[in-house]
Amino acid sequence: MTERPNPLLIANTIDEALDAVSRGSTPIAGGTDLVVGARQGNKRLPASLVAIDRVEELQSIGLDSDGSLSIGSGVTHATLMSSTVVVTNYTALADAAALIGSPATRNVGTIGGNVMNGSPAMDTGAPLAVFDAMIQLSTVAGNRQITTSELWVAPGQTSAEPDELCTAIIIAPQPDRSGSAYVRLEYRRSMEIAVVGAAAVVTLGLDGTIAGCRIALTAVAPTIVLVDGLESLIGQAIGEATLATVADLASSQAAPISDLRASEQYRSHSVGVMAKRAVLAAARRATGESISVPVNRSIGVGSDGQRQWEAGAS
Amino acid sequence: MTSGLTSRNGVRNENYLNLKAVTLEPRPFPRADGPDKVTGTGRYAADMVLPGMAFARFKYAEISHARIVRLDTSKAESLPGVVAVITATDVPDVRYSPGVADRTLFATDAVRFEGEILAAVAATTEALAQAAVDAIEVEYEQLPTVTDVVQAIAPGAPLVHPDWQNYEVSAETEQRPNVASFSSIAHGDAEAGMARAATVVTSRYVADASHASPIEPRAILAQWEGRKLTVWSATQVPFDARAGVCETLDLPTNQVRIIVPHLGGGFGGKCGFHFEAHIAALARAAGRPVKLVFSRKEEFLAPDRRREGMVVELTTGLNADGTIAARTGTLLIDNGAYTADAAFFPQLAAMLAAGPYRIPALKIEASLVYTNHQPSGSVRAPTAPQACWAIESHTDELAATVGMAPVEFRRLNGLRSGDVGPVGQTYGEIGLQACIDSVASRLTGETGTEADEAIGLAVGWWPSFPGPSGAYIKIDSDGAGQIITGAQECGTGAVMTLRQLAADELGMAAEDFELVYQDTGVAPYDTGATGSQTLFNNGRAVLLAASELADQIRQLAADHLEAAPSDIVLSDGHASVAGSPNPAVSVAELAATAAGAELLIAHGSGKPGEYPETVGASCVGDQGVAAWASPQFSCHGVRVRLDSETGVVRVLNVATCHDSGTILNPLGALGQVEGGVLMGIGQALTEGTQYDEDGCQRNPGLLEYKLQTAADAPTITTQFVETTGGQGPHGAKGLAEAPNVATAAAISNALAKLIGSHVTQLPMTPERVWATMTDATPSDADRDATGHDTSEPKSGDEL
């Protein structure tokens, strides 16, 4: 047996990166999944890697001509959580980015890496799902865009072809009077992975009732899942009854496993609580109320400030 | 000198019965190892490199209980780059471990836990070593696993060690089938006391195993030069490690040198003798230096220093006035597959189950039970956080039964100065009541507890461990000093404080001294960073050496200043005649004189403090730790917040108070208490090892074994009660372990107020809290059986 270091190519442009990927290299940016996984012995490092962390074209957040938000796949969680446009208009995504790992993880880990790793416990997944984000996959031949539910097929598995590189995430503008939030169940306040989580985007009508609501759940199924049956909420005011319905819908649609972090029963129960809280925080943000990012730190048991969820429900 | 120290730290109240806790004013504490550790220039064992060194990997059992049918290393030996492969047949046939000699370096006939070592490989790279390990072939005949302490002692249970009766054990050790050691503490007639009691309360608590989790996984590098062996090791106990190497490889102590570069923490996990002999034997076989560096996973699986799981059953009889009439208890402690240093744990746990209370009739029985789990061993205050959590949760149940506030119940029943303890030991001045007062006043002094918050408290106690220890001090020609000590620094700052002790004695500055330490080849013996003993014992040695050196300096100064040595005072690095600061002569000048004549060298050891006698109590399996030398007392109080929909608990504030005698280094002492509290929060809420059905760990990694992080830390306030009578330097007692006793118990009691009953399994994870809340209804028969009053929930802001 001979030892040789894995070849590491360094791309400076998207074209260089796509070329390397077309020749079988696996892209690496922050390495927070690939390297950590390899060091823990879960999965060996691929035979050939291409570093894409120096590709500046992948690191910008901008608005397209139609008003859509375009996030380069190389944007770090630290950038996402402090980006004005993300915090203002896509707050759930900032909530999620702010909870990932530690400052060190957030400074090198990227949204593209999070999305393509395909873990059902990924924090940015549920926000992207509720925003109906499109994932842009590129090859040397061109680009295509698919939805998150088309992308994620199983734990750690995506529908992307081996020669495709995720280059951007595109999110359409949200309707007026919309707010969003991502809340997760966590056992400690940093270096944590979602036990379960929920993202919600809520749009309020002029009368303050619910005009639109989407909810996605983290770590309760093989992939991030969208909650069905939310049409019944349209026209309802945010209140105890509405939130109880939300919790019931989320809990009943969760299909979690029992593992080291939680049992199936506890996950099913608590994902309902997370969904309810995400909807409440999203609705409060939709009214223009400022709840700072991440929601987990500004409301709830781990918060340093106001913590009564019920206060907003009354 | 004692008065000088205590007056610096705070005004000592001389009234024997009216001790007060004080907040000590930390004075600046220059840590000699600080710059190295903070800037990264410090070197740890894993950083060590020697020319030509090879890399070691171990072949582990990866199965909990099996007979070895065939072990074939031939393929591994033939792989390129492999320089040595060794197994049990390559080392002396020695069965070791203090108390119960049940361990061998390598598995011989059977494996008894997943981390047992079958073979060790050295190769020119780590990857080649691992490839060779993977090429080792083992054929097993699986044996029934023993994974539950209750089932392990049931009649007919499979034996973890079929030959246990033939093992060499210390004279005091009481062995039973699947029980490595048994201890009981009894005085008075517990049965009669229980029969007379007005109320009897029974509780059962179960604690999961947990881990020391030091930041540095261990590393070892061994090198032979002729017959002489040098081992660089990340150990807390270099002399103990040396003894282990000598015993298992049959070498005299003067041929073995253990050096510890900077140590990246230990928390007890690096106490004892571990893998130094494996690597030394491998280096001898390879004919070159060999280095081992553990992965985090190995750090979880292989060492015999896990914090033991425990099942605690307690019954306490109360008189109508709320005083304790009698207590009985049974403790089953999960020993794991081998005994390591745990033979004395049953007796320690029995004392903790008695608790620091006035109990006229007592019978506690504790067994150290063999299972096919990883072995248990000394992790910071072994048995204490779990046993204290059980007994103090039980104590709040007792208080509720008689309608007393928990703090009043403890004031009524808690030990006071002059009381007689569970084994007939009469206490001198002790600070338990002052600790309770201090914590109660700070916790209840806060305004407004929200509906989702509650406060709770618990008391704890822990012994100090007198033992032999030595140090040298010398001052060279330029006046620069060196303290050459056998003591080991594991991050507590205990060794660092030695400089201050010597400096104060010699009228010099701490910075005038460099430390030479963690090297068995140059320093006299010390027990190591274990049992909170470093300052307690080595401080005594350093003080004696400094005192001897001061005499030498006074003699030189007396000649210089033409005065009597007894009239010389040492201050600010100078010697002068008492009452007339001028003329003065500097220590440096005197040292220069000495350098051309009789050198300034001194040594210290001193007689260790004595252990009190056991009086009027029976201690079966007495390991000598029932009557406690320099006992330490503590009280921890917490304010917690509960997310009632998920069971997530957050600790907001912690108030602590400790009687550890004289506090020698307030800043270091505060650090010990705060670290102990944070560790206690982890034990309370998130840290627990989960096992699969075969006894293998399911979460041997820092993602799924959840330590607390800095972001989780609460506000912690600390006071100390400086009692007299500590046997350490200037009246000090130990301190490093005591802060890791009562926190989990206090959290349990605060939480119980919010959910109406105690969570009976540790750690009290969100899911267990949620499950307890879901179960806890006033009609629940189990709750009624414990006598717990759920119909009248107590207000969260009363103690």
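A note on names: the letters A, B, ... follow the listed sequences, proteins ahead of strands, and every chain is numbered from 1.
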* Please look at B/L703 and chain A and tell me whether the side chain, the backbone, both or neither of the residue comes under 4.5 angstrom of a heavy atom of that chain. => both
* Asked: For B/K706, is it the side chain, the backbone, both, or neither that has a heavy atom closer than 4.5 Å to a heavy atom of chain A?
  -> both
* To do: Kindly say whether B/D712 contributes a backbone atom to a donor-acceptor pair with the side chain of A/R189 at under 3.5 angstrom?
  => no
* Asked: Do side-chain atoms of A/H269 reach the backbone of B/T646 as a donor and acceptor pair under 3.5 angstrom?
  -> no
Please flag which part of [X] lies under 4.5 Å from any non-hydrogen atom of chain B: side chain, backbone, both or neither.
| X | value |
| --- | --- |
| A/E192 | side chain |
| A/L260 | both |
| A/S263 | both |

* Asked: With side chains defined as the heavy atoms from C-beta onward, is the minimum distance between A/R188 and B/L707 less than 4.5 Å?
  -> yes
* For residues B/R698 and A/D259, report the shortest heavy-atom separation together with the two atoms involved. => NH2-C, 4.1 Å
* Test side chain to side chain contact (heavy atoms under 4.5 Å, CB included) applied to A/R261 and B/E767, step by step -> CA-CA 9 Å; A/R261 294 170 199 157; B/E767 181 160 358; over 6 Å; no
* To do: Count the heavy atoms belonging to other residues, nucleotides or ligands that lie under 6.0 Å from CZ of A/R39, then report whether that count exceeds 12.
  => no
* Out of A/S190, A/S270, A/G272, which one racks up the most heavy-atom pairs below 4.5 Å with chain B? -> A/S190
